[in-house]
Every structure is written in C-alpha cells, then in structure tokens.
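For the single chain, residues carry numbers from 1 onward in sequence order.
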Amino acid sequence: MAVVAAGPGATDPLRPLVRALASHVEVRSADRSATPAAYLVAGAAALGTVPDDVPVAVAEDGRLVIGRGEGAVDVDLPAGVGVDSAAWPPVPPHVRRRWRARLGLADDLVVDVRAIDPDDVPTALTVAAAAVVPAAHLPLALALGCPAVTTASAAAAVGAVDGLHVVVGDRAAADALAGDDRRCALLSRQGRHLAVTALDPRRAAEALVRGWDLAPTGPVARLDQRLSELGTAPASPVRRRVAEAVAALPPVPVALGGP
C-alpha cells in the first residue's frame with residue numbers, strides 16, 4: 001500500500017491509522033512503491049495522482065472514504081494519537097478498589113500522570129480512583145476506564161465531553177471525583193466506549209483492508225478475524241496459544257483439478 005499526501009503535514013493525522021495498517025499490509029510512501037496494490041490519500045487534492053484502476057481511500061477532515069463513486073464507504077478516522085483498545089482492557093472502579101486494598105494504597109488514590117515516570121503510567125492509570133491526565137496519555141486513560149481529569153483542549157482533541165467522558169478541571173476536581181463512586185462509574189464506562197468507537201485505529205484499518213479486498217483468506221485468517229471481533233489483544237496469552245496450536249497442525253492438502 002502506498003501513501004500519497006496533498007502537502008506537508010497532511011499525513012500527520014493518519015499516523016495511528018498507518019501504524020495499525022502495518023500489521024495487515026506493507027506500507028510505503030508513493031515515491032518508494034512502483035506498483036502498490038492500493039493507495040491511501042491524505043487530502044482529496046492529491047487524488048488526481050492515483051490511477052483509476054487501483055483501490056483507493058481518501059482521508060480528510062476526520063473522515064476516511066474507502067473506494068470511489070456509489071460504492072464508497074465512509075468511516076471515522078481515530079481522533080488524537082489513537083489507542084489499541086484491545087491491548088488495554090478496561091478496569092472498572094470496583095475492581096480498582098480491590099486492587100488498591102490488596103496493594104495497601106489509599107482508597108481515594110489520585111495520581112497526577114504529569115509527575116510520574118512514563119513507564120509507570122499504565123500501572124498508575126489501572127489502579128487509580130481518579131487521575132489528572134495530560135493530552136498525550138488521555139486515550140490510554142479512557143481505554144483503561146480510568147476516571148480522568150484533563151484540560152479543555154485535551155478533551156476536545158479526542159472528542160471527549162466534559163461530565164460524560166472526562167472532567168475538565170484541575171487536581172482539586174480530581175480529588176473530588178475520587179470520592180464520587182457514581183460519577184467515576186459513569187466516566188469509566190463512557191470513556192471506555194469513546195476509546196473503542198472513536199480512538200482505536202484498528203477499526204478503520206480493518207475496514208480499509210476489507211474495502212480493498214486485501215485481507216488474507218483461509219481458515220487461519222478467519223480464526224484471527226473472529227479473535228479480533230471478540231476483542232482479543234494481539235499480544236494476549238490467548239492469541240499466543242492459538243498461534244502455537246495452529247503452527248502444530250499439519251499442512252492442509254491442496255486439491256488439484258477439483259471444483
């Protein structure tokens with residue numbers, strides 16, 4: 001697959017999608033791919049450079065149009081930096097409370113992500129009652145179902161609504177949120193839903209591969225597709241055990257001359 005851009009910076013919003021696509025197809029810039037099987041165009045102004053007989057998708061204004069004419073499919077592009085929601089399963093507030101009790105942490109623990117080591121951020125967002133979260137880590141917090149307090153600009157960047165997906169405020173707002181079980185439950189549930197439906201680039205990538213008819217076929221591919229539909233994380237033990245089981249199977253004989 002080749003990427004074509006209408007101008008400098010046009011591909012920046014596509015980076016999460018391109019990373020997700022790389023697990024399905026080989027991705028190159030148009031000047032490094034002589035005969036691409038499909039084109040991803042960043043900006044409709046560059047569509048004229050794409051041959052008419054090659055599958056194409058055009059990304060512009062937060063939308064991805066797959067195909068041409070009446071058969072085109074329109075899907076949302078992931079907002080912000082994106083997040084692999086399957087790789088970060090949600091941890092609801094009542095489970096967080098049990099983990100804090102086991103670890104001897106305060107029941108109303110609030111973490112300020114800006115003040116901790118980046119390597120510790122996922123763990124902190126998994127156990128916190130509430131967290132102060134900057135824009136860079138907000139998709140991860142939403143995917144984990146962590147009740148998040150953030151800035152208005154960070155919320156707007158991912159399409160989060162104040163009071164529904166996040167709380168727009170400061171540390172004092174986070175301290176108040178940590179003691180409000182009802183609001184925490186709402187934010188955890190709705191934040192996770194936003195991460196899955198609007199921030200996960202895998203959905204757009206899979207729709208793109210299907211629309212281009214580039215998806216692998218056969219029993220193993222169908223099994224992998226079903227695991228994805230169930231939300232099984234790419235690096236999960238289930239995936240690993242399935243891969244090991246499939247690798248141990250004898251090759252399927254090819255029937256020649258049959259229907």
Side-chain angles (χ1 to χ4, degrees), residues 16 78-202 227-228 230-241:
V81 298
V83 63
D84 184 351
S85 60
W88 302 101
V91 184
H94 68 281
V95 177
R96 293 168 175 273
R97 178 173 287 111
R98 288 202 294 265
W99 273 111
R100 291 194 296 275
R102 288 179 184 176
L103 297 171
L105 300 173
D107 187 58
D108 59 350
L109 175 68
V110 174
V111 297
D112 188 336
V113 173
R114 300 166 301 182
I116 63 178
D117 189 291
D119 291 340
D120 296 330
V121 168
T123 301
L125 291 176
T126 299
V127 299
V132 179
V133 186
H137 295 289
L138 186 55
L140 175 61
L142 294 170
L144 288 169
C146 179
V149 174
T150 192
T151 63
S153 59
V158 297
V161 176
D162 182 20
L164 179 63
H165 306 110
V166 299
V167 170
V168 173
D170 54 13
R171 175 59 188 257
D175 290 336
L177 176 61
D180 191 332
D181 292 344
R182 200 166 191 173
R183 278 211 303 165
C184 282
L186 171 67
L187 294 173
S188 178
R189 182 173 63 254
Q190 295 297 337
R192 170 66 184 185
H193 183 261
L194 179 66
V196 172
T197 58
L199 306 181
D200 193 336
R202 289 191 313 124
L227 289 172
S228 296
L230 291 170
T232 310
S236 72
V238 172
R239 291 267 191 180
R240 185 176 65 251
R241 292 180 67 180

A.B. asks: Mind checking the NE2-CG spacing from His165 to Leu186? Nearest 0.5 Å is all I need.
C.D. replies: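 Here the rounded value is 8.5 Å.
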A.B. asks: Which pair of heavy atoms, one from Val167 and one from Asp162, lies closest together, and at what distance?
C.D. replies: CA-OD1, 3.4 Å
A.B. asks: Answer yes or no: is there a donor N or O on one side and an acceptor on the other, between the side chain of Arg100 and the main chain of Val127, under 3.5 Å?
C.D. replies: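 Pair found, side chain donor or acceptor close to backbone of Val127.
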A.B. asks: Please tell me if the side chains of Val133 and Leu125 come closer than 4.5 Å, counting only heavy atoms from C-beta onward.
C.D. replies: yes
A.B. asks: Pick from Leu142, Thr150, Val121: which one makes a side chain to side chain contact (heavy atoms under 4.5 Å, CB included) with His137?
C.D. replies: Val121
A.B. asks: So among Val166, Val132, Leu187, which one has a side chain to side chain contact (heavy atoms under 4.5 Å, CB included) with Leu177?
C.D. replies: Leu187
A.B. asks: If only atom types and distance count, is the side chain of Asp170 paired as donor or acceptor with the main-chain N or O of Ala173 below 3.5 Å?
C.D. replies: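 At least one qualifying donor-acceptor pair exists.
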A.B. asks: Locate the shortest heavy-atom distance separating Ala195 from Val83; write the atom from each residue and the value.
C.D. replies: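 So the two residues come closest at CB-CG1, 4.2 Å.
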A.B. asks: Measure across Pro92 and Ser188 and return the closest heavy-atom pair with its distance rounded to 0.1 Å.
C.D. replies: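 Minimum heavy-atom separation between Pro92 and Ser188: CA-OG, 4.0 Å.
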A.B. asks: Please confirm whether the backbone N or O of Ser85 pairs with a side-chain atom of Arg192, one donor and one acceptor, at under 3.5 Å?
C.D. replies: yes
A.B. asks: Give a yes/no verdict on a cation-pi contact between Arg102 and Trp99, requiring under 6.0 Å between NZ or CZ and the six-membered ring centre and an angle within 45° of the axis.
C.D. replies: yes
A.B. asks: Does Asp200 reach the side chain of Asp84, with side-chain heavy atoms less than 4.5 Å apart?
C.D. replies: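 In short, these two side chains touch, coming nearer than 4.5 Å.
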A.B. asks: What pair of heavy atoms forms the shortest contact from Leu144 to Pro122, and how long is it?
C.D. replies: CD1-O, 3.9 Å
A.B. asks: Going from OG1 on Thr126 to CH2 on Trp88, what distance comes out if it is rounded to the nearest 0.5 angstrom?
C.D. replies: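 The distance works out to 7.0 Å.
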A.B. asks: Any heavy-atom pair between the side chains of Pro90 and Arg189 that's under 4.5 Å?
C.D. replies: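 No, side chains not in contact.
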A.B. asks: What's the separation between atom CG in Leu138 and atom CG in Leu199, rounded to the nearest 0.5 Å?
C.D. replies: 8.0 Å
A.B. asks: State, to 0.1 Å, how close Val168 and Ala152 come at their nearest heavy-atom pair, and which atoms those are.
C.D. replies: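 Residues Val168 and Ala152, closest heavy atoms: CG1-N, 3.6 Å.
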A.B. asks: Tell me the closest heavy-atom pair linking Pro139 and Ala136, and the distance in Å.
C.D. replies: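 Here Pro139 and Ala136 meet closest at CD-O, 4.1 Å.
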A.B. asks: Please indicate whether Arg171 has more than 12 foreign heavy atoms, meaning atoms of other residues, nucleotides or ligands, lying under 6.0 Å from its CZ.
C.D. replies: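 Above 12, so yes.
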